[in-house]
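Below, chains carry the letters A, B, ... as their sequence lines are ordered, and counting in each starts from 1.
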Amino acid sequence: MTPDQLATAVSGLVADLMAEGVVALGDLPEVRMERPKSRDHGDYATNVALGLSKRSTLPPRELAGIIAGRLAQIPGIATAEVAGPGFVNVRLDSATQGELARTVVAAGDLWGHGTALSGRVVNVEFISANPTGPLHLGHTRWAAVGDAIARVIAAAGATVTTEFYVNDRGVQMDKFGASVMAAANGRPVPDDGYHGGYILDLAAQIVADDPTITSLPDDEQLIAFREAAYAVQLAQQKQVLDLFRTHFDVWYSERSLYESGAVERGLARLREQGHMFEQEGATWLRTTDFGDDKDRVLVKTDGEYTYFAADTAYYVDKRARGFDLAIYLLGADHHGYVNRLRAVAACAGDDMDENIEVLIGQMVKITRGGEEVKLSKRAGTIVTLDDLVEEVGVDAARYTLSRYPADSPLTLDLEEMTKATNDNPVFYVQYAHARIASVLRNAAELGIDWRSEEFDPALLDHERENNLLGMIGEFPRIVAGAAELREPHRVARYLEDLATAYHRFYDVCWVLPRGDEDLAGIHVARLWLCAAARQTIANGLDLLGVSAPDRM
RNA sequence: GCCCUCGUAGCUCAGUCGGAUAGAGCGACCGCCUCCUAAGCGGUAGGCCGUGGGUUCGAUUCCCGCCGAGGGCACCA
């Protein structure tokens, strides 16, 4: 029996109590079956009687008593008891609980996937860096978290597209081009240009590819360098993200917004919704109608579109492409954009609580041996995605960055991350997976085909088996919660707890027959349990884009 | 000045849509491998959950003030 099935049963009981007049009629409260912190409180507990007592003449404990009495009648429930101020603690039969292993094995790779977000068509945009340099550690965090968010909401049933907005237009591009050009010609890079060592490499590569480039007139040369450097840099970003297992469905060029007429279409949409106005020769969007603290300019007095105009067009375009929810993952340095982006959605005639969601990710602070490292392209102290992957590997990097909520500031010590890799939680979780894989491998070598042996779930009655089964049963709810809250770190934290439950089980419960012992029911039952645990860990790691190794 | 995020063990951080005794890893200390992976398990030490009020059966969680940290407030991109 899964926790959800249990909750459904309790909901049914509550509905009965309403029908009988024991509890006042009203909306059916959401019934939550929780895993109590202390195992003394049963396999599952609910506080539904506490919440319901306000609508009844009965005190909480008495109400809980009625609910407990009826729950105990349900097949599969061993005991249901009232505890504390009015909690109902439930214990399942070991057979009922053990049956979960079969459910998990049958579901396979789809175990944990659900329908909490089915029907939603979602665009998840993240990173969206300028193509003017390598991706740094901040981007790396959004790469890990954004990709995990996409995977998790897809697992919850949503149709998901991941997207990278390429800021390939504007003065930053020109500065970038000018910097590379200066470097190629042996001239000093302009003060407001890009100064990283990679500029020299880019210049050298571009000149090597086309030695005639430096003989072009300056104005043509600037464009040539800008475009060549753009192409190389974008390709490099794509390649490193590929290495990082973050694959975007769409790379959306800002320029293309202009070339395709999307900007005009976007503004037309806003105009027809009636939130645009002219003032002092400029065209504005009245974002203050929807909570922004000031109105924003779309078209400057000189007739040029603002960057904001492109932002609005981009949003309108996403909606036109069929997405009913646009999720943006922005760095904390852009949090001032939250209100205006939401206002854009409202100005376009959408529901800013339904169609747009702007998530803010806090910065990553880096220390090396306890001392803060200032990230600066200019000073050449940036830590790039490449660096990180090279030092700690994709699995450790992805896992470490996605096991914290995106909105909490993070401090990582490079020395800790590199030298303490064996203490990294990712290895703890992966190790559990490898250990199980090893047991299953050994079973196969002993000629045991557990799938075709009779599985008696009632044999899984050891405290640690029970605990492991309970943890496995939580997985679908963890996935759904992570998806709804856009918090994939919950999956990582869960996996760490699940791994602990497995290690504790493994420590005490021997799985395979020893020596010349015959194969018995308990061996088969434990192999099913191992298989279920392995599947759950593998599925969870996959949601984080981390591999589940069979050997370590 | 206004707005956002944050303040939990020595360090890095979970937990909080109000619930039963506040957790993990690292660091410190003590135990456990004739047998399925010891990258593991068990135990000890370590906390006025920043602070002062409020809401209620119950607050680390919700509301307000204060203190402290970081970030943002362009006809820039």
Side-chain angles (χ1 to χ4, degrees), chain A residues 30 32 34 36-38 40-41 45 47 50-51 53-54 59-60 83-87 89 130 132 167 169-175 254 279-284 293-294 296-302 304-311 331-339 360-363 365 367 370 400 403-405 407-413 416 420-432 434-443 445-446 481 484-485 489-490 492-493 496-497 499-500 502-515 523 526-527 530 551-552:
Chain A
E30 189 196 356
R32 299 174 58 191
E34 302 183 320
K37 286 174 204 159
S38 164
D40 297 339
H41 296 142
N47 64 352
L50 284 163
S53 69
K54 290 189 181 75
F87 295 99
N89 296 337
N130 291 325
T132 56
N167 295 124
R169 192 172 177 278
V171 300
Q172 290 304 318
M173 289 299 290
D174 292 334
K175 287 180 183 173
E254 183 188 354
Q279 184 178 308
E280 294 166 14
T283 303
W284 299 66
D293 45 9
K294 62 185 71 166
R296 308 288 169 177
V297 173
L298 289 164
V299 186
K300 299 190 252 182
T301 47
D302 62 7
E304 287 285 309
Y305 292 114
T306 59
Y307 191 85
F308 178 67
D311 285 342
D333 53 343
H334 285 74
H335 91 250
Y337 286 53
V338 176
N339 282 339
I360 293 301
Q362 293 293 324
M363 300 298 179
K365 194 183 293 183
T367 58
T400 303
R403 74 186 285 269
Y404 303 98
D407 62 2
S408 81
L410 189 55
T411 305
L412 296 178
D413 192 280
E416 290 281 316
T421 47
N422 281 0
D423 299 320
N424 192 308
V426 70
F427 294 99
Y428 180 77
V429 175
Q430 288 184 316
Y431 181 62
R435 247 186 171 181
I436 303 172
S438 173
V439 172
L440 296 175
R441 211 159 41 230
N442 293 340
E445 277 170 22
L446 289 173
E484 283 165 349
L485 296 167
H489 76 275
R490 288 166 184 269
R493 299 293 170 157
E496 290 163 28
D497 290 341
T500 296
Y502 183 79
H503 287 311
R504 283 168 51 81
F505 154 79
Y506 180 91
D507 198 47
V508 176
C509 299
W510 196 268
V511 178
L512 299 172
R514 307 192 205 208
H523 304 128
R526 284 178 175 168
L527 280 165
C530 284
R551 298 173 199 273
M552 286 176 74

Expressed as a whole number of angstroms, how long is the span from [X]:[atom1] to [N]:[atom2]?
X      : N     : atom1 : atom2 : value
A:N424 : B:A39 : CG    : P     : 16 Å
A:Y506 : B:A39 : OH    : C1'   : 13 Å
A:F427 : B:C26 : CZ    : P     : 14 Å
A:L485 : B:C17 : CG    : C1'   : 8 Å
A:I436 : B:G40 : CD1   : P     : 14 Å
A:E34  : B:U16 : CD    : P     : 10 Å

Where [X] and [Y] come nearest, the two heavy atoms and their spacing:
X      : Y      : value
A:F427 : A:M552 : CD2-CE, 3.7 Å
A:M173 : A:T132 : SD-CG2, 3.9 Å
A:P85  : A:P60  : O-CB, 3.5 Å
A:E496 : A:P425 : OE2-CB, 3.5 Å
A:N89  : A:A83  : ND2-CB, 3.3 Å
A:H523 : A:L512 : CD2-C, 3.7 Å

Taking atom [atom1] in both [N] and [M], what distance in whole Å separates the two?
N     : M     : atom1 : value
B:G23 : B:G15 : P     : 15 Å
B:U60 : B:U51 : C1'   : 14 Å
B:G19 : B:A77 : P     : 48 Å
B:A45 : B:C26 : C1'   : 15 Å
B:C62 : B:C17 : C1'   : 10 Å
B:A24 : B:C32 : P     : 23 Å
B:G65 : B:U21 : P     : 32 Å
B:G54 : B:U61 : C1'   : 15 Å

Subject >> Passing option when A:V511 is tested against A:I436, A:L527, A:L440 for side chain to side chain contact (heavy atoms under 4.5 Å, CB included) >> reply: A:L527

Strictly by Watson-Crick or wobble contacts shorter than 3.5 Å, is anything paired with [N], and which nucleotide is it?
N     : result
B:G25 : B:C11
B:U34 : none
B:A20 : none
B:U51 : B:G65
B:G1  : B:C73
B:U60 : none

**OP:** Using heavy atoms to find the nearest nucleotide of RNA chain B for A:E496 and A:R490 separately, return the residue whose nucleotide is more 5′.
**Re:** A:R490

**OP:** Name the residue closer to the 5' end of RNA chain B, choosing between A:H503 and A:R441 according to the nucleotide with the nearest heavy atom.
**Re:** A:R441

Original post:
Base, backbone or nothing for each nucleotide of nucleotides 6-14 of chain B, written B, S, -, heavy atoms under 4.0 angstrom, 5' to 3'?
Top reply: ------SSS

**OP:** Would you mind building the protein contact string for nucleotides 72-77 of chain B? One character per nucleotide, 5' to 3', B for base within reach (heavy atoms under 4.0 Å), S for sugar-phosphate only, - for untouched.
**Re:** SSSBBB

Subject >> In B:C33, glycosidic geometry as syn within 90° of 0 or anti otherwise >> reply: syn

Please classify the nucleic acid contact of [X] as base, sugar-phosphate, or nothing, using heavy-atom distances under 4.0 Å.
X      : answer
A:C530 : nothing
A:A432 : nothing
A:A437 : nothing
A:N442 : sugar-phosphate
A:I360 : nothing

Subject >> hbond_proxy A:R504 side chain to B:C41 base (donor-acceptor, 3.5 Å cutoff) >> reply: no

Original post:
Are A:Y428 and A:Y431 close enough that their ring centres sit under 6.0 Å apart?
Top reply: no

Original post:
Is there a stack between A:Y431 and B:U37, judged by ring centres under 5.5 Å and planes under 30°?
Top reply: no

**OP:** Report yes or no: is the ring centroid of A:F87 under 5.5 Å from the six-membered base ring centroid of B:A20, with the two planes under 30 degrees?
**Re:** yes

Subject >> Donor-acceptor pair, side chain of A:R493 and main chain of A:R403, under 3.5 angstrom >> reply: yes

Original post:
Any donor-acceptor pair under 3.5 Å linking the side chain of A:T306 with the backbone of A:V297?
Top reply: yes

**OP:** Just compare B:C41, B:A39, B:C36 and give me whichever is closest to any side-chain atom of A:M552.
**Re:** B:A39

Subject >> Closest to side chain of A:R435, choosing from B:G19, B:G40, B:C36 >> reply: B:G40

Subject >> A:Y506/A:R435 under side-chain contact (heavy atoms from CB on, under 4.5 Å): CA gap, chis, key distance, verdict >> reply: CA-CA 9 Å; A:Y506 180 91; A:R435 247 186 171 181; 3.3 Å; yes

**OP:** Look at A:Y428 and B:C41 and indicate whether a side-chain polar atom (N or O) is within less than 4.0 Å of OP1 or OP2.
**Re:** yes

Subject >> A:N130 side chain near A:N167 side chain, heavy-atom distance below 4.5 Å >> reply: yes

